[in-house]
Each structure stands twice: as C-alpha cells, then as structure tokens.
Protein chains: 2
Amino acid sequence: MTPLGPTDPASDAQGGATGTPQEPEGERLAHRPPAGRPGPGLSRERIVTAAVQLIDAEGVSALTMRRLGSTLDVEAMSLYRYVNGREDLLEAVVDALVETIEVPAPGHLKPVDGWQGFLQVLAHDVRRLALEHPAAFPLIATRHPAAPWLRPLLRSLRIVEAFLDGLRARGFTDEHAVTTYRTFTSFLLGHLLLESAMQGAEMSPAEEPLDEGDAELPNRDEGLDLADFPTLARLRSQLTEDHAEEEFEAALEHLLVRLDLELAQ
Amino acid sequence: MTPLGPTDPASDAQGGATGTPQEPEGERLAHRPPAGRPGPGLSRERIVTAAVQLIDAEGVSALTMRRLGSTLDVEAMSLYRYVNGREDLLEAVVDALVETIEVPAPGHLKPVDGWQGFLQVLAHDVRRLALEHPAAFPLIATRHPAAPWLRPLLRSLRIVEAFLDGLRARGFTDEHAVTTYRTFTSFLLGHLLLESAMQGAEMSPAEEPLDEGDAELPNRDEGLDLADFPTLARLRSQLTEDHAEEEFEAALEHLLVRLDLELAQ
DNA sequence: ACCTGAACACCGTTCAAGT
DNA sequence: ACCTGAACACCGTTCAAGT
C-alpha cells in the first residue's frame, strides 16, 4: 500500500539531486515514465502521505489546508478535488495509519500459534504505530470511528474482521472474541496514548526564546512549587522515571492472564 | 449544570502572568451591578465556567473566543484580560474539571478502609467526571500535563499528592504507590476515553442529507458494506451492545487483583 | 481535466482608544 | 479599571475563471 512509514524512510538516503532550493525533496515519480510531466500530479494518496509527514513533523495543529498545499507546491483549493474538506482529510490520515496495522494471518511466520501469541504480536504492532507517529496517535485514538461498534485503534472493518477470525481460529467463542475486542482496545488505548504523549511531549507550540521580563511562568516542571506537596517532592525522581516499555509488557501479560481466566470459566 | 470546583486553590501556581503585571484578584466584595441580568462582571472563574458549558453543549470545536465572548455578552477581546489566549483557557478548563475529582480522605464516610476501596471510590469519581463531561474528556485525557511526571486524568499536584498519600496510608510502599499511579491512570484512560467517546458520539458535525453525486464515502454505519466481512456481519449486533459499565467494573476488579498480586510478591 | 484568483465568513490576537 | 473598534494575519471553503 502506501509507504506511510516514519517520516520519510528512504527519500533522505539519496541526496544530491536537489540543486534548486524549492524543488520537492523526494523524486517520487522517478519510476513513473509516462508522459514526462514533471508537474505536481496530485492524488488523494499523495495528499494523505504529505499530511502524515506534516503531522509527524509539526503536529496536528500545523496541518492546515494552506500549509499542506504549499508542501505539495499547490494552492490549498486544489486539494478539495481529492479530499472532502479538512475533516475528511483527517479521517483519511487516520485510516491510512490504521491500515498499516498487521493482524497476524493464519499462516504466519512468527510464533503466533496460540491466541496469546496472536494478541502479543498484534499489541506490539499497534505499539509500533503509536511510537512511529506519536503526534498523530491522539487523532487515531480520539476520532469517532465510522460505525458505533468500531472502537478506536482497531477501527477498520478489515482489522476487526481479522481480529475476530484470528481469535475464533484459535479457539475463542463468538462471545469471547467480542468481549476480548473490547478489553483489548481499551488496554491498548490507555497504555499507548500515554506513551505516545510522552514521546511527543514537546510538539505543539514552537519554542520561543523567552523575553527578559518574565522569568516567572513555570515553564516546564522546574517552576512548579512543591513546597506544599512533600510526598510529591520526595517521590519526584521515581515519578519521572520512564518505564513505559516494562509497564506495557507487564500489563499485557496480566491482560492475557485475565483473558485466560475468563476463557476457562 | 456544572458545579465547578472550589475557589481555585492551586491555579495561582499555574496560570501564569506573562510579563504584564496583572494582579487584580481579591475583589470579592465589590458591589455587583443591580440589574437582574448577569451583567458583565467578568472574571476568570466566570469565563472558565462558561467555557465548560459551551464545550458540554456543542463540543470543543465550538469553543471559540468570539463565541465564548458572546455567551458572556462581551466582545472576544475582553477575555484576554483574564485568560492568556485560547490555549491557556483550555488549560484552565481542564484544570477546573480535574479539580472536581475527590480523592477519598483518611477520615472518609464511605467504606474506604482498604486500598481497594480507596481505588474503587476514586475510579468511580473519575468515571463520573467522564460521563458528566464527555465532550471535554478527550481534552483532559490528551493535553500534556504541566510536569512530565504527571499523567493525564490524575494530573494535578493536589490529586497526585493525595493519591500517593492515600495509598501509603493504606500500606503501600513508595515504590508500589508510584507504579500504581501509572497503572491506575492507564486503566482509567483506556476505559473512560472509550466510554466518553460513545457517550458523546454524535457531537461534532451537524448531520447533513447526503448529496446524490458521491455515494463513495461510507457515511455512518448503515452505509457500510459488510459483504466482505462475514464475521463482522454475523457478530454485528453483539458488537453493538453497550456493556460499558460492566466492562469497567470487571476491568477494575481485575486491576485490583493484579495489584494485590504485585503487592504480595 | 486539473489547477488558481478572488472572495466570503470566521478565527486568534494585539493595541490604541474609549468610558 | 475595564471594555471595545479597528486592524492584522491566518484559516476553511466555494465558485467562476483560467490553462
């Protein structure tokens, strides 16, 4: 499908072709001989890819029709031929990212024999998505899916179908598969939204050199007055430690234990 | 309506002065205009309350400086005397809502003797917040807290201090209290963000009658074509059922079991 | 067929000016 | 002291017009 990897996987690898300052950096059409048109060649796919890159680089609030247009060397109005407004674009971005999630297929390479391995592999792939696109992740987690019975993160028909089939093929009843869908999405949402928020913490506002007048505002954590919060002050360093990965693994392990219990009863 | 928190104990530590010295705070007893109308009498608190009401009624995207101003019978620019721009206002809204969370105190009425009761009561109070303000909840869940060691939902100094003290008073070590803070916030985030999303699902866009031309985009759930997804089609009604409350209770119960295990080892 | 210029309504924000 | 008019830069979106 669309190469939606972390911002620009391969195009930076081969520099040197960019002589003029305003040329688009990646020659995406190099392998596309027909009609030597060098022009923009807009398409929905190209627009969505550019949108993802812009979000990855500068955050969701920077994704403006006008800015996105200039990224593609095109006026903003041109985008409306391929995209149904900004909301539709955001939807397309979310869909494109979610479609990169791979649900382990029956004949899979990795050790995905049991349902536990199935869920383990899937969970880690969703985590990969969260860490590759931390700025976009709140969007994926927050926007309403197309149908009320779809839940954030695992929010495409294809993925839910594969998820349910995958569990059923590994011994789950219909009912257990459905409740596991709910439990699993809640689990992923809670852990990964937090982790992606940490990852891309310093994203939203461009940092400005502070004026001389105000050294007053508590800029990040240093300015906070912990005088009235002795426990907080004492445990501060422990609270700051980042154990996201271990937490994720531990919580996933416990989720599997819990599901195992529910299966048995 | 919206009973917003007490008179702002900690907001002075956060809400920043930005260089312009503005400190008119304690004018509590100035005589109000005698008119029956809620005359101007602007204040930060009044602005934040109105903002919460506007979000509850029409969603975050409707919270515009100009619309909020008109809600208060005031031009938008007047708000800037009390609020440091839209971002600061959103921050204040989140803080105000989070401050309504009550962490069970040592001498509490309800059966909060054990740490399990403590977490039970607290979890349900956060859930109350989510259900009372579904449209605002993504904001609370998503915005970066003031310090990197604060996590969404339980994101005020006061609350985290009370949380940690509450657990320590009930037998937790420092280390267990900290890890429980992380586990507990992840749990709440995952479950309540989903539940609030369901609650306020039909909020953002006004429903429009679809045009004849493009039957391409799947509008809501009815237009989705489930032909290629037999499992989805078969389980659709089960997927649609709303068991949010039972799921929350069950997951909370399992979380407590898990914590109990971790405490023992 | 594809893109753009011009226009409209709305937005956040600043600042000098009103009262 | 508190509010506003006017202005600026930017935004999403539409539509007739260009090529």
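Side chains are part of it too, since the values below use all heavy atoms of this structure and drop only hydrogens, waters and symmetry mates. Chain identifiers are assigned alphabetically (A, B, ...) following the order of the sequence lines, protein sequences preceding nucleic acid strands; residue numbering begins at 1 within each chain.
The CG-C1' distance, from B:N84 to C:dG12, rounds to 13 Å in whole Å. With rounding to whole Å, A:Y80 atom OH is found 15 Å from C:dA6 atom C1'. We find that CG of A:L42 is positioned 13 Å from C1' of C:dT4, with the value rounded to whole Å. Distance CG (B:L72) to P (D:dT4): 11 Å, rounded to an integer number of Å. Distance B:R66 CZ to C:dT13 C1': 9 Å, rounded to the nearest Å. Taking atom CG on A:L89 and atom P on D:dG12, their separation rounds to 10 Å, with Å as the unit. Rounding to whole angstrom units, CZ of residue A:R67 and P of D:dG12 are separated by 11 Å. Here D:dC2 presents its C1' atom at 13 Å from CG of B:L79, a figure rounded to the nearest Å.
Within the structure, a side-chain polar atom (N or O) of A:Y82 is placed less than 4.0 Å from OP1 or OP2 of C:dC3. Remark: A:T64 is not in phosphate contact with D:dC10, judged by side-chain N or O atoms under 4.0 Å from OP1 or OP2. Side-chain nitrogen and oxygen atoms of A:S78 include none within less than 4.0 Å of the OP1 or OP2 phosphate oxygen of C:dC2.
A:R151 places no side-chain N or O within donor-acceptor distance of the main-chain N or O of B:L194, the cut-off being under 3.5 Å.
Residues meeting the salt bridge (Lys or Arg N to Asp or Glu O under 4.0 Å) test with B:R128, sequence neighbours left out: B:D125, B:E132. With sequence neighbours excluded, the residues forming a salt bridge (Lys or Arg N to Asp or Glu O under 4.0 Å) with B:R143 are B:E87, B:E91, listed by chain and number.
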### Message
For Watson-Crick and G-U wobble pairs within 3.5 Å on both distances, what is DNA chain D written in dot-bracket notation, | included for inter-strand pairing?
### Response
||.|||||...|||||.||
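For A:R81, taking side-chain heavy atoms from C-beta onward, the closest of the listed nucleotides D:dC3, C:dC3, D:dT13 is C:dC3.
Looking at heavy-atom distances under 4.0 Å, B:M77 makes contact with a base. A:R86 comes within 4.0 angstrom of sugar-phosphate atoms only, judged by non-hydrogen atoms across all strands, and of no base.
For the atom pair A:E75 CD and A:D73 CG, the distance stands at 10.0 Å (nearest 0.5 Å). The distance from the CG atom of B:L72 to the OG atom of B:S78 is 9.5 Å, given to the nearest 0.5 Å.
Using cut-offs of 30° and 60° on the angle between ring planes, the pair B:F248 and B:H191 is perpendicular.
Considering every non-hydrogen atom in both B:G59 and B:A135, the closest pair reads CA-CB, 4.3 Å.
Between B:E75 and A:A76, the one whose closest nucleotide on DNA chain D sits nearer the 5' end is B:E75.
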